[in-house]
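These notes are about the structure you will find just below.
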Amino acid sequence: MRRATRAITQLYDAALRPKGLRITQFTLLQVLERTGEPMTQGALGDFLAVDSTTLSRTLKPLLRSQWIRRHTGGDARERRVELAPLGRRVLERATPAWERVQRRLRTDLGQRDWAALQKLLTAALTAARSVSRNKS
C-alpha cells in the first residue's frame, strides 16, 4: 500500500509542480473549496487524516502565499482556516493538471477496478481510524 501511495503521490506532484503545488497542498485547498466555509484546524486534520504537526507544516507555505487565511474562532484557542481568493485562483489553474492524472489512472485501471479501489480505500481509511481510536 505504501509503495502504491508513494508512486501515485509522485505522479500528482509532477503534474502539479508547474503550478507551484504539491498534492498535499492541492488536496487541502480542494477540501476548503468544497466545504465553502472556514474549518477548524482540528476538523481539517481529522478529515485529511493527518496529525496536527503535519497539518501545520502544510498550512505554513499556503498562509505565506496568501492562498488560505486563518482566523481565531469563538474560543481563542480555536483556529479556523478558509480558502482565500488567491488560493481559489491557484486551485482553478491547478485542477486541470490534477484531472489529467485522475483520468489517466482511471483509464489505466479501468472503471471496475477504479470503483473497487475507491471502495477499498474508503474501507482502509475507516479501519485505520478505528485502530487509531482503539489504540488511544
Side-chain angles (χ1 to χ4, degrees):
M1 188 173 339
R2 293 291 303 144
R3 278 190 329 181
T5 301
R6 282 191 298 275
I8 291 169
T9 295
Q10 289 171 1
L11 285 175
Y12 283 108
D13 280 348
L16 294 169
R17 191 171 296 115
K19 306 300 180 188
L21 283 170
R22 297 183 60 114
I23 189 59
T24 51
Q25 296 167 327
F26 178 86
T27 302
L28 197 147
L29 295 175
Q30 196 178 50
V31 167
L32 292 173
E33 193 270 334
R34 289 183 179 178
T35 60
E37 59 187 44
M39 292 180 76
T40 64
Q41 281 188 219
L44 187 56
D46 288 344
F47 185 83
L48 294 169
V50 296
D51 62 84
S52 61
T53 302
T54 302
L55 180 59
S56 292
R57 242 190 345 258
T58 304
L59 290 172
K60 279 181 187 178
L62 301 179
L63 286 162
R64 273 194 310 271
S65 299
Q66 298 181 355
W67 296 349
I68 61 171
R69 294 186 287 225
R70 188 167 35 200
H71 306 281
T72 303
D75 178 339
R77 295 170 295 176
E78 182 182 87
R79 291 189 182 139
R80 293 189 172 269
V81 181
E82 70 178 336
L83 186 63
L86 185 55
R88 189 173 309 282
R89 287 193 294 278
V90 167
L91 183 61
E92 287 170 2
R93 285 194 306 268
T95 296
W98 176 83
E99 288 173 339
R100 280 190 295 277
V101 175
Q102 288 282 102
R103 271 193 310 275
R104 192 169 50 195
L105 289 170
R106 189 178 300 125
T107 297
D108 287 357
L109 281 171
Q111 191 57 43
R112 191 183 86 232
D113 286 345
W114 177 261
L117 177 62
Q118 298 303 309
K119 185 176 179 179
L120 186 57
L121 289 172
T122 298
L125 177 60
T126 300
R129 285 183 169 159
S130 176
V131 167
S132 180
R133 274 193 306 272
N134 292 333
K135 191 171 76 173
S136 306

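Remember, predicted model here, so these are calculated numbers, not experimental data. Scope of the values below: all heavy atoms of this structure, side chains included, with no hydrogens, waters or symmetry mates.
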(request) Kindly determine whether Val81 and Gln41 satisfy side-chain contact (heavy atoms from CB on, under 4.5 Å), including the steps that lead there. (result) CA-CA 7 Å; Val81 181; Gln41 281 188 219; 3.6 Å; yes

(message) Donor-acceptor pair, distance only, cut-off 3.5 Å: does the side chain of Thr126 make one with the backbone of Thr122?
(response) yes

(message) If you define the side chain from C-beta out and look only at heavy atoms, does anything of Pro85 sit under 4.5 Å from Arg69?
(response) yes

(message) Can you confirm whether Thr58 sits close enough to Gln25 that some side-chain heavy atom of one is under 4.5 Å from a side-chain heavy atom of the other?
(response) yes

(message) Minimum heavy-atom separation for Ala97 and Ala15, please, with both atom names.
(response) CB-O, 3.6 Å

(message) Counting neighbours of CZ on Arg79 that are heavy atoms of other residues, nucleotides or ligands and sit closer than 6.0 Å, is the number greater than 12?
(response) no

(request) Considering non-hydrogen atoms only, spot the tightest contact between Trp67 and Leu86 and give its length. (result) CD1-CG, 3.6 Å

(request) Please round to the nearest 0.5 Å and tell me the distance separating atom CZ of Arg80 and atom CG of Leu44. (result) 11.5 Å

(request) Give a yes or no on this: more than 12 heavy atoms of other residues, nucleotides or ligands lie within 6.0 Å of atom CD of Gln66. (result) no

(request) Could you tell me the separation between the CZ atom of Arg104 and the CG atom of Leu11, rounded to the nearest 0.5 Å? (result) 5.5 Å

(request) Please report the closest heavy-atom contact between Pro96 and Glu92, naming both atoms and the distance. (result) CD-O, 3.3 Å

(request) Find the distance between OG1 (Thr72) and CD (Glu78) and round it off to the nearest 0.5 Å. (result) 9.0 Å

(request) Supply the atom-to-atom distance Met1 CE to Leu121 CG, rounded to the nearest 0.5 angstrom. (result) 7.5 Å

(message) Apply side-chain contact (heavy atoms from CB on, under 4.5 Å) to residues Val101 and Leu105 and explain how you reach the verdict.
(response) CA-CA 6 Å; Val101 175; Leu105 289 170; 3.9 Å; yes

(request) For Thr35 and Leu32, indicate whether the former's side chain and the latter's backbone hold a donor-acceptor pair under 3.5 Å. (result) yes

(message) Is there a path of hydrophobic side-chain contacts, each under 4.5 Å between heavy atoms, that joins Leu125 and Leu120?
(response) no

(message) Between Arg106 and Gln111, is there a side-chain heavy-atom distance shorter than 4.5 Å?
(response) yes

(message) Measuring from atom CG of Leu59 to atom CZ of Arg57, what distance do you get when rounded to the nearest 0.5 angstrom?
(response) 11.0 Å

(message) What verdict does the side-chain contact (heavy atoms from CB on, under 4.5 Å) test give for Thr95 and Phe26, after you've listed the backbone C-alpha separation in whole Å, the side-chain angles of each residue and the deciding distance to 0.1 Å?
(response) CA-CA 8 Å; Thr95 296; Phe26 178 86; 3.8 Å; yes

(request) In sequence, state the C-alpha distance, the side-chain angles, and the governing distance for Leu117 and Leu109, and then conclude on side-chain contact (heavy atoms from CB on, under 4.5 Å). (result) CA-CA 9 Å; Leu117 177 62; Leu109 281 171; 3.7 Å; yes

(message) Measuring only between side-chain heavy atoms, which start at C-beta, is Ile23 closer than 4.5 Å to Trp98?
(response) yes

(request) Determine whether more than 12 heavy atoms belonging to other residues, nucleotides or ligands lie under 6.0 Å from atom CZ of Arg3. (result) no

(request) Group every Ile, Leu, Val, Met, Phe, Trp and Tyr by side-chain heavy-atom contacts under 4.5 Å, then state whether Ile8 and Leu21 land in the same group. (result) yes

(message) Can you tell me how far apart OH (Tyr12) and CD (Gln102) are? Round to the nearest 0.5 Å.
(response) 3.0 Å

(message) Would you say that Leu28 contacts Leu62 through its side chain, given a criterion of any heavy-atom pair below 4.5 Å between the two side chains?
(response) yes

(message) With a 4.5 Å cut-off on side-chain heavy atoms, are Val31 and Met39 touching?
(response) yes

(message) Quick check against the 3.5 Å criterion: does Arg129 have a side-chain atom that pairs as donor or acceptor with the backbone of Asp46?
(response) yes

